[in-house]
2 protein chains.
Amino acid sequence: MSRQPVEDAAPVGRVQRKRGRRVQEILSTAAELFGERGYDAVSLDDVAERLDVTKGSLYYYFPGKDELAVAAIETLGADWTGRLERLAATVEGPPHERLRALIREHVAIAVGEYPAALRLFLVPSTWPDDPRERIKELRRRHDQVFRGVLEEGLASGEFAVTGVETTLQCMHAAMAQAPLWCGGLESDAQERALDELADTLMKLVAAAQ
Amino acid sequence: MSRQPVEDAAPVGRVQRKRGRRVQEILSTAAELFGERGYDAVSLDDVAERLDVTKGSLYYYFPGKDELAVAAIETLGADWTGRLERLAATVEGPPHERLRALIREHVAIAVGEYPAALRLFLVPSTWPDDPRERIKELRRRHDQVFRGVLEEGLASGEFAVTGVETTLQCMHAAMAQAPLWCGGLESDAQERALDELADTLMKLVAAAQ
DNA sequence: CAGCCTATTGACTCTCGGGTCAAAGTTTGC
DNA sequence: GCAAACTTTGACCCGAGAGTCAATAGGCTG
């Protein structure tokens, strides 16, 4: 009776704004941790500790670990996907260049800013059902961006592939693994590694002969 | 004083043989489960239940979960790697055909016989240190097989790649994901999917122009 | 059949982590 | 400056799962 229900009863004005900021803090911290270690390996105490707060506090904002995970995935995903989509809509030039830019951006974000965020995509099965669905959704949107450019290039004859979906799968898989093997490199070595990765993946769409 | 130490004091003769068989049963069941769900999501009670046995029994043969996992990985890995290595040593023909055969075999084993075994490779970080090292070792051996054929083709000019290691990474990543997206298909659709995957990956080594 | 290994059980401990909640602390608005 | 709303705490409950162990069952072997 004394407690603020987690969901409804929105407070108004400045208070609400503060609440919003807190929620964002929690979400980005959670996204960070889940990205680094996956779902199981992150306890709510871990999240709370990194925020200099107690577990109980988290339950004031979220009804449970699942919901926190879902929200964190959506926050992280909205940003990331948004940047990809914006890039796809912005970059000029032939499909060749645009695809390469997308690959670079995708991997750069993954490796740099969300060090292990792509791990989200790797083993959706270790996540509870609800977060898993969000992850799949996220991936679908990313694929969609790539599929668009890919099909453009196919239409113009600039690209040739064995199969669109298979090509997307391969690209995705390779990009998703990238943080694991060039996450530790120094920045210039990393740049080179990412360039090489992009070049390698571009071979997947190279028109034959 | 009344208990048989887990490690030393090898019994002899028929008894020992029986013990060996039991150990094998446990290992293959454990490999199966770990392959399906990963380390965290499998409890020793799960393993015991599938064996119609009690957890305590497992501790009669293995000192702990980690050790069981390590042994299971090694069993599964020895078989798998062995088949790859044998295939690489056996198959005749140009590097092109040999590499394709390796890819097909690798993926076929992963998708068919150890449905999610490749998941072992996916997120080594969710495993405790010791099993993780074994998984990396396993992967190193697999890579070694592929690297061999790849370098052959490069030497003969039949292949061209942007970078050997990057190419291996991409191949590995794509093959590792395969069970997740064509594991559920019917057998002939699956065959087609695997062929397409192999063809797609072969583009990675295609000599340019 | 007696005695000695071998194998298995089931009940137990202990820790970790998700989730709860009353009480206390803090902010806001009047 | 004070009451009401908001926020945080810390102690607590509970179940799950790793690991332990004395007791017991089940052979072999002399």
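A quick note: this is a predicted structure, and the numbers were derived from the prediction, not measured. Atoms considered below: every heavy atom in the structure, side chains included; atoms not considered: hydrogens, waters and symmetry mates. Letters go in sequence order (proteins before strands), and every chain restarts at 1.
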Taking the six-membered ring of A/Y60 as reference, does the NZ or CZ atom of A/R19 fall below 6.0 Å from its centre and within a 45° cone about the axis? yes
Whole angstroms only, please: what is the CG-P distance between B/D45 and C/dT9? 12 Å
A/T54, nearest nucleotide to its side chain (from C/dT8, C/dG18, D/dT9): D/dT9
As a quick check of understanding, evaluate side chain to side chain contact (heavy atoms under 4.5 Å, CB included) for B/E74 and B/L138, giving each step before the final call. CA-CA 8 Å; B/E74 274 173 356; B/L138 205 55; over 6 Å; no
Just how far, in rounded Å, is P of C/dC14 from NZ of B/K65? 21 Å
Residue-phosphate contact under 4.0 Å: A/S57 side-chain N/O, D/dT9 OP1/OP2: yes
In whole Å, what is the span from the CG atom of A/L44 to the P atom of C/dG19? 7 Å
Regarding the side chain of A/S43, the nearest nucleotide among C/dG17, D/dT9, D/dG17 is C/dG17
Knowing that exactly one of A/V70, A/L44, A/V47 qualifies, which makes a side chain to side chain contact (heavy atoms under 4.5 Å, CB included) with A/K65? A/L44
Could you state the atom-to-atom distance from CZ of A/R21 to P of D/dT7 in whole Å? 11 Å
Mind checking whether B/H106 and B/F146 have ring centres under 6.0 Å apart? yes
Does A/R19 place a side-chain N or O at less than 4.0 Å from the phosphate oxygens OP1/OP2 of D/dC6? no
Can you tell me how far C1' of C/dG29 sits from NZ of A/K18, to the nearest Å? 15 Å
At less than 3.5 Å, do the side-chain atoms of B/K55 and the base atoms of D/dA18 form a donor-acceptor pair? yes
On DNA chain C, does the nearest nucleotide to A/G56 precede the nearest nucleotide to A/D40 from the 5' side, or the other way round? Give the residue. A/D40
Spacing between B/E25 atom CD and C/dA7 atom P, to the nearest angstrom: 12 Å
Roughly how many Å is it from OH in A/Y60 to P in C/dA24, rounded to a whole number? 18 Å
Could you check whether B/V47 gets within reach of a base, just the sugar-phosphate, or nothing at all, counting any heavy atom under 4.0 Å? nothing
In terms of the angle between their ring planes, are A/H142 and A/W80 parallel, tilted or perpendicular, with boundaries placed at 30° and 60°? perpendicular
A/D52 CG to D/dG10 C1', in whole Å, measures 16 Å
May I ask you to verify if any side-chain N or O of A/R22 is less than 4.0 angstrom from the OP1 or OP2 atom of D/dC6? no
Kindly point out which of C/dG18, C/dA7, D/dG19 is positioned nearest to the side chain of B/Y61? C/dA7
